[in-house]
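Data first, discussion second: the structure below is written as structure tokens.
By convention in this document, chain letters (A, B, ...) are assigned in the order of the sequence lines, proteins followed by strands, and residues within each chain are numbered from 1. Side-chain atoms are counted along with the backbone in the values below, which use heavy atoms only and exclude waters and symmetry mates.
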Amino acid sequence: MKVPLSRLAHTRSGDKGDTCNIGVIARGDRLYPIIAREVTAERVRRHFGDLVKGSVERFELPNLSALNFLLHQALGGGGTVSLRTDAQGKTFGAALLSLEIEIHPDEIELIAV
Amino acid sequence: MIRIANGQGFWGDWLEAPVRLVEQGPIDYLALDYLAEITMSILQKQKQEDSSLGYARDFPPLMARIAGQIRDGQVKVIANAGGVNPVACAREVIRLAPSLKVAVVLGDDVFPRIDEFTAKGYEMRDMDTGEPIGRIRPQILSANAYIGAFPLAEALATGADVVIAGRSTDTALTLAPMIYRYGWAADDYDRLAAGTIAGHIIECGAQCTGGNCQVDWQTIPDMANIGYPIIEAEPDGSFSITKHPQAGGRINTDVIKEQLLYELGDPRNYITPDCVADFTSIHLEDAGPDRVRATGIRGGPRPPSLKLSISYSAGWKATGTMVYSWPQALEKAGAADRIVRARIGQLGLTFDEIYTEFFSVNACLGPAAPPNPDPPEVQLRIGARGPDRKAVDRFTRELVPLVLNGPPGATGYGEGRPAVREIVAYWSALISREEIATRVELVTA
């Protein structure tokens, strides 16, 4: 079964120069193992396609049931250089919420609303 | 326990926030963060035009507005409002509120010392790209070293009511009162890390009390009167995040987690001039209504280098818009984009980049946007940037003619030809901390 990431997590994103960071926080600690398994750096990179020119790094914060992603060369030069509306990556977090997440049958009860 | 509030997350934040913080309940210290990465360059330009400027001009009137509470000893203020001219900022505060005792922290401005550093062998390579500083040397507009919390604590120790710094780190504004009041030393790594993380949580103001918060945002109470954050810091480094109870907003562990992850790099190595904080050591718990408690934070020794914040002129840019409505809104906008690019090509103009977005289709989310095949209206937004101001200016003249000579129904071109703006870019580099000597001065009228 597939669900959008929005069912499992909330996010916040921001910038450091031309790098965008996205924090992905599980909606409850029990969902952290699913996002840690499914939301890989490679999947995040593919989700944003041409928008991200550089690499994607992933860091784990199990104490907060959260992941942190760094998307390098993702903001069209960053800050004041960028010609993009979202030069500071404010909407990248929301954009990631449509990522489709594979849920194992025994995990379906965990996401029941 | 001491209470440290943040009343400004950037220069331009809500003017009422710091006033409400001092009026609605007890706080001991009011931290105000005014500086973003490019703010220093804007201030440097203002100082070049008028030597009495170069600081956050909202700050002195705010001090006058809350001078009564400060004078009564209810609260002391710590702000990086000084920009590139902390002394002028302090003088203006004293002019508007003569009863206040004001200290400044100096020594962060290294704009006159770049060539000295180069002569000493510092390459000042850009921390993102690794490029040496030579290429941008003629274009440098400002250069400042990030200053930590210890010089600010030293300024508090003078008994000043108001401490004004230039390019201090955002987190130092919160950590400084803890160092001053609790006597923390440079090797109290865990406590310095805790105070630093407390600073990270509140440095963006209401972003940790329900502002820009994704989780359950529709039900956040009374956002029109959102409360700005208050840290209740204990001598052992543990702290709570809360707000005045009558103010709006929401504080719980989900909200605080969002802000902890904001603009975060490697969570185990959050590097400041004061320490290296480990975000994977934080333990959060909900500890009552609109109250989160943080414990267990660990940290390591401060790095031998300080980061330089350098701004430089990097060419020119302009961005213009045009709106097309249904039917075929996206097709019309796409055709207009191709026409502009063709005309630029015929003129022989070249740019570092021409970038096009279609609002309501892909402007924010790019390829991650949900499909919207037949939008009722589309705003075309085209930008160009490059080293030649005249070329960018010529580009701006190619947009408005589309109203008469392009696809049908163009509207929403606003005020006509878009403005050409100078690009002030940001360069970060490292310098040995031995090169940077800070000092505290009391400023009098």
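- More than 12 heavy atoms of other residues, nucleotides or ligands shown are found within 6.0 angstrom of CG on A/Asp106.
- Around CZ of B/Arg125, the count of heavy atoms belonging to other residues, nucleotides or ligands within 6.0 Å exceeds 12.
- In terms of heavy-atom pairs under 4.5 Å with chain A, the best-connected choice from B/Asp352, B/Asp266, B/Asp128, B/Ile423 is B/Asp266.
- Atoms CD1 and CD, on A/Ile25 and B/Glu258 in that order, are 5.0 Å from each other to the nearest 0.5 Å.
- The shortest non-hydrogen separation linking A/Arg27 to B/Val215 is NH1-CG2, 3.6 Å.
- Neither the backbone nor the side chain of B/Ala369 comes within less than 4.5 Å of any heavy atom in chain A.
- Atom CZ of A/Arg37 has more than 12 neighbouring heavy atoms from other residues, nucleotides or ligands inside a 6.0 Å radius.
- B/Pro267 pairs with exactly one of A/Leu67, A/Asn63, A/Leu64, A/Leu61 by the side-chain contact (heavy atoms from CB on, under 4.5 Å) rule, that one being A/Leu61.
- Summarising the geometry of B/Ala425 relative to A/Thr80, their closest heavy-atom pair is CA-OG1, 3.7 Å, with the distance given to 0.1 Å.
- With A/Asp86 contributing its side chain and B/Cys364 its backbone, the two residues share no donor-acceptor pair below 3.5 Å.
- Residue B/Ser428 does not touch chain A at all, counting heavy-atom pairs closer than 4.5 Å.
- Between the CD atom in B/Glu353 and the OG atom in A/Ser82 there is a gap of 7.0 Å [rounded to 0.5 Å].
- Looking at A/Glu60, the atoms closer than 4.5 Å to chain B (heavy atoms on both sides) all sit in the backbone: N, CA, C or O.
- Counting heavy-atom pairs closer than 4.5 Å to chain A, the top-ranked of the candidates B/His283, B/Arg381, B/Gln259 is B/Arg381.
- The greatest number of non-hydrogen atom pairs below 4.5 Å with chain B, out of A/Gln73, A/His72, A/Lys16, is found for A/Lys16.
- Counting only distance, with no hydrogens or angles, the side chain of A/Arg12 and the backbone of B/Val255 share no donor-acceptor pair below 3.5 Å.
- By number of non-hydrogen pairs under 4.5 angstrom with chain A, the leading residue of B/Leu260, B/Thr129, B/Leu365 is B/Leu365.
- Both the backbone and the side chain of A/Thr85 have a heavy atom closer than 4.5 Å to some heavy atom of chain B.
- Between chain A and the options B/Leu264, B/Asp254, B/Asp216, B/Thr319, the largest number of non-hydrogen pairs under 4.5 Å is found for B/Leu264.
- In this structure, the side chain of B/Gln214 engages the main chain of A/Thr11 through a donor-acceptor pair within 3.5 Å.
- Across B/Leu261, B/Val424, B/Thr356, the residue that shares the most heavy-atom pairs under 4.5 angstrom with chain A is B/Leu261.
- Between B/Ala368 and A/His47 the shortest heavy-atom distance is CB-NE2, 3.6 Å.
- With hydrogens and angles disregarded, no donor-acceptor distance shorter than 3.5 Å links the side chain of A/Arg84 to the backbone of B/Glu357.
- Taking every heavy atom of both residues into account, A/Asn68 and B/Gly265 meet most closely at ND2-O, 2.8 Å.
- Not a single donor-acceptor pair under 3.5 Å links the side chain of B/Lys257 to the backbone N or O of A/Ser65.
- Here OG of A/Ser13 is found 8.0 Å from OH of B/Tyr262. Values are rounded to the nearest 0.5 Å.
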